[in-house]
Amino acid sequence: RQFNMDASSGVDTPYLFATCACLLALYILRRIFTIATPLNYAHTSHPDQKASDILSDKDKAFISRSKEELLSACAGADLTTYGGQTSVLRSLMRSGMVSVNGLLRSNAHDLFLIHRETGPLLEGGLGVRVTVQLNLFGGSVANLGGPKQREWLQETFNKGQLGCFLLTETGAGVLSGLIVETTATFQKGKFILNSAHNAKKTWISQGLTAEWGVVIARLILPGDIDKGPHAFIVNMNDKGVIAEDMCSKIDFNGLDNANVSFNNVELGLDSMLNQISYVTEEGEYVLRDPKVPFKFVSVAQRLLSGRICIAGAAIMQLRKVVTHVTKYASCREIPTGQNVTTPLSELPVMRDTLDSIDASMCVLRHYVHATERRFIGDDEISHSLVEQIACGKIEIVGYCIDAILRLKTRVGSLSLQSVGPFGTKPDILYVYRFAEGDSAILQQKLCRDSIKSVGNVFGMLRTLAMIPMELIQNRNGIGRQRALLNLKLLQLALSVMGKSKKQQTTDWFASHAHVESIAKLKAMITIFDTASKCAGLAGTRELELFRRVHLEPLA
């Protein structure tokens, strides 16, 4: 009835439905009379064509130098204490490990290499300090600040001074989306920084030990004009800055996390990062280029680069565990008959587990690398780039957590031994999951953005027509998955059609499993399509195995 109401628009709805139904019936018959081939990890359609590595010789040389610097700085340091970790980071800053110029988005290749290839080798808390210092604090000033502010940043690095990034607020953290209530109000040629009631900055890594911070606050101009969230440099030792240590964690307590609040903190006009805009002595808001408006995505840029860093680091965390388990499994003899033993690594269950994880890590590394290149090379941060970054962060971190749990079930008592690769150290992946935007929130956004294209009757008809078309075209061999995604989007759109805003919200929350399945399909299709275009990966055994392990079970 809902569709027939639109018959006056000229759309031949019954004919369209009949066509779609016939095509769908033909596909179902084909599936019924087709014998599915069993999944065999040892034999895929491309058994001999191996994927190439993403690292160039220049990259490998840089990684080797970085590892030496990291290990040298860590030598003798007590990484279980604030002082031990900060001494390491201060030493790295003074050594010139990364220049301010290397933090610019167009020059971020080495920054990504550090996070992807060397950062995860550090103790988890120290690894977080590195990304806070370089990507969040340093990257914000480098990419949003003017020339004088970038010069100042280089001076702080040369002195070995540390910074933090103050965005997340109490009651508006990783599980509730991005809300900023802290304000920077213009008053007589300066800004007055204040925290809203019960909205202190929270979980601020390096918030106790940093000399400086980049705080995200709403810019309030004369006449109570709210210009939205902007970034400001704050001296963490200034009067009115109140930093309190948070509760102890199950691990990684060498990293300080703080609750930070502001009470009438005075900031100079030059404290606002001013590459895009600035405020005059009279309180006038000025754009450097009237054709380039200030957008919040500019402030959030470092969250996006952080999500890329997290995805790459997660794969390295998994690789550390896989390397240990592979070595153990090759030496662990398992009785398989009378007076007969077989290495655990040669048993099909372990061989297939390790094989699928190796292939998955390879494909996901190529995906992260492709996302890095796009972040560096694109002229602007488009919606599709933001979506590509989110897909990687959600699925890669989630997969690495699940893969480590699978390995724990395959190695018996090693999963409990202190000499094993498990314990609490891999739990840093849960930090990755909720840092720079909780994966659950990113899934909600991914689904919400996808359903916008289905919103009206014409969108629904178009989505319905795409179901048989995707089955017939079968692009990249995942036509069923694309068709199922369209079907699920159509189902969700129909479930909220014609309802009040309040009821739509209630139904949306109740449909969490459906929303998550849509986000899963969307993310995995995006990852596979992007990886299929990567040089050195297209047509390889690893990509085919990835498709069979990750895409086929979805439909």
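Sorted by first and then second residue, the salt bridge (charged side-chain N to carboxylate O under 4.0 Å, His left out) pairs with a member in residues 61-88 form an empty list; sequence neighbours excluded. Among residue pairs with one or both ends in residues 535-555, those qualifying as ring pair (Phe, Tyr, Trp, His ring centres under 6.0 Å) are Tyr399-His550, Phe546-His550; sequence neighbours excluded. A salt bridge (charged side-chain N to carboxylate O under 4.0 Å, His left out) check over residues 113-122, counting only residues at least two apart or in different chains, returns the pairs Arg116-Glu372, Glu117-Arg365. Among residues at least two apart or in separate chains, there is no ring pair (Phe, Tyr, Trp, His ring centres under 6.0 Å) pair with a member in residues 326-371. Sorted pairs that involve residues 315-328 and meet salt bridge (charged side-chain N to carboxylate O under 4.0 Å, His left out), not counting sequence neighbours, are lacking altogether.
Contact of the Ile216 side chain with the Thr182 side chain is not registered, since no non-hydrogen atoms from C-beta on lie closer than 4.5 Å. The closest side-chain heavy-atom distance from Arg541 to Asp355 is below 4.5 Å. The shortest distance between side-chain heavy atoms of Lys201 and Phe165 does not fall below 4.5 Å. Side-chain contact check for Asp59 versus Ser56: some heavy-atom pair is nearer than 4.5 Å. Ser345 has its side chain within reach of Ser330: a pair of non-hydrogen atoms, C-beta onward, lies under 4.5 Å apart. A heavy-atom distance below 4.5 Å is not found between the side chains of Met236 and Glu211. Taking the side chain as every heavy atom from C-beta outward, Thr80 and Asn253 never approach each other to under 4.5 Å. Proximity of Lys159 to Arg90: side-chain heavy atoms (C-beta onward) are nowhere separated by under 4.5 Å.
Scanning both residues, Thr209 and Arg129, for their nearest heavy atoms gives OG1-NH1, 3.3 Å. Residues Ile527 and Cys391 come closest through the heavy atom pair CD1-O, 3.9 Å. Closest approach of Pro421 and Val321 over heavy atoms only: O-CG2, 3.9 Å. For the residue pair Val128 and Ser205, the shortest heavy atom distance occurs at CG1-OG, 3.8 Å. Between Cys164 and Gln206, the shortest heavy-atom distance links the atoms CB-O, 3.9 Å. The two residues Ala199 and Ser195 make their nearest non-hydrogen contact at O-CB, 4.4 Å.
In this structure, Glu436 contributes its side chain and Gly306 its backbone to no donor-acceptor pair below 3.5 Å. Gln481 places a side-chain N or O within donor-acceptor distance of the main-chain N or O of Leu551, the cut-off being under 3.5 Å. Asn259 contributes no side-chain N or O that, together with a main-chain N or O of Met246, makes up a donor-acceptor pair within less than 3.5 Å. Not one N or O on the side chain of Glu395 forms a donor-acceptor pair closer than 3.5 Å with the backbone of Met524. With Arg307 contributing its side chain and Ala390 its backbone, the two residues share no donor-acceptor pair below 3.5 Å. Remark: side-chain polar atoms of Lys393 are paired, donor with acceptor, to backbone N or O of Gly437 under 3.5 angstrom. Of the possible donor and acceptor atoms, none in the side chain of Gln417 sits under 3.5 Å from a partner among the backbone N and O of Val419. Remark: side-chain polar atoms of Thr81 are paired, donor with acceptor, to backbone N or O of Gly84 under 3.5 angstrom.
With sequence neighbours excluded, no residue satisfies side chain to side chain contact (heavy atoms under 4.5 Å, CB included) with Lys533. In this structure Arg332 satisfies the salt bridge (Lys or Arg N to Asp or Glu O under 4.0 Å) test with no other residue, sequence neighbours excluded. Here His324 pairs with nothing under the ring pair (Phe, Tyr, Trp, His ring centres under 6.0 Å) rule; sequence neighbours left out. Evaluation of the side chain to side chain contact (heavy atoms under 4.5 Å, CB included) rule for Thr341 yields Glu333 as partners, not counting sequence neighbours. Applying the side chain to side chain donor-acceptor pair (under 3.5 Å) criterion to Gln338, with sequence neighbours excluded, gives no partner residue. By the ring pair (Phe, Tyr, Trp, His ring centres under 6.0 Å) test, Trp212 pairs with Trp152, sequence neighbours left out.
When only modelled atom types and interatomic distance are considered, Ser532 and Arg475 share no side-chain donor-acceptor pair under 3.5 Å.
Applying the side-chain contact (heavy atoms from CB on, under 4.5 Å) test between Val260 and each of Ile242, Val215, Ile204 identifies Ile204 as the sole match. Partner Leu303 forms a side-chain contact (heavy atoms from CB on, under 4.5 Å) with one of Val386, Ile389, Leu167 and no other, that one being Leu167.
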Please tabulate, one pair per line, all N/O donor-acceptor pairs under 3.5 Å involving side-chain atoms of residues 137-144, not counting sequence neighbours.
unit_1 : atom_1 : unit_2 : atom_2 : d
Ser140 : OG     : Leu136 : O      : 2.5
Asn143 : OD1    : Arg105 : N      : 2.8
Asn143 : ND2    : Leu103 : O      : 2.9
Asn143 : ND2    : Gly139 : O      : 2.8

Item checked: Residues Thr540, Val363; criterion side chain to side chain contact (heavy atoms under 4.5 Å, CB included); working and verdict -> CA-CA 10 Å; Thr540 62; Val363 172; over 6 Å; no
Next item on the list: Go through the steps for Glu387 and Lys445 under the test salt bridge (Lys or Arg N to Asp or Glu O under 4.0 Å), then give the verdict.
Entry: CA-CA 9 Å; Glu387 192 172 78; Lys445 186 177 186 305; over 6 Å; no
Notebook entry, point to check: Where do Arg351 and Glu346 land on the side chain to side chain contact (heavy atoms under 4.5 Å, CB included) test, with the steps shown first?
Noted result: CA-CA 6 Å; Arg351 180 201 65 207; Glu346 295 181 13; over 6 Å; no
Check: Taking it one step at a time, do Arg150 and Leu104 satisfy side chain to side chain contact (heavy atoms under 4.5 Å, CB included)?
Finding: CA-CA 10 Å; Arg150 287 194 290 272; Leu104 297 174; 4.3 Å; yes
Next item on the list: Go through Phe112 and Phe375 one step at a time and tell me if the side chain to side chain contact (heavy atoms under 4.5 Å, CB included) criterion holds.
Entry: CA-CA 11 Å; Phe112 285 133; Phe375 182 83; 3.8 Å; yes
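Remark: Met350 CE to Thr353 OG1 distance equals 6.0 Å, nearest 0.5 Å. With values rounded to the nearest 0.5 angstrom, Leu70 atom CG is found 8.0 Å from Leu126 atom CG. How far CG of Leu79 is from CG of Leu255: 12.0 Å, rounded to the nearest 0.5 Å. Here the SG atom belonging to Cys309 is positioned 10.5 Å from the CG atom belonging to Leu113, to the nearest 0.5 angstrom. Going from atom CG of Leu354 over to atom CG of Leu347 covers 11.0 Å, rounded to the nearest 0.5 Å. In this structure, OG in Ser356 is found 9.5 Å from CE in Met361, a value given to the nearest 0.5 Å.
Other residues, nucleotides and ligands place no more than 12 heavy atoms under 6.0 Å from the NZ atom of Lys522.
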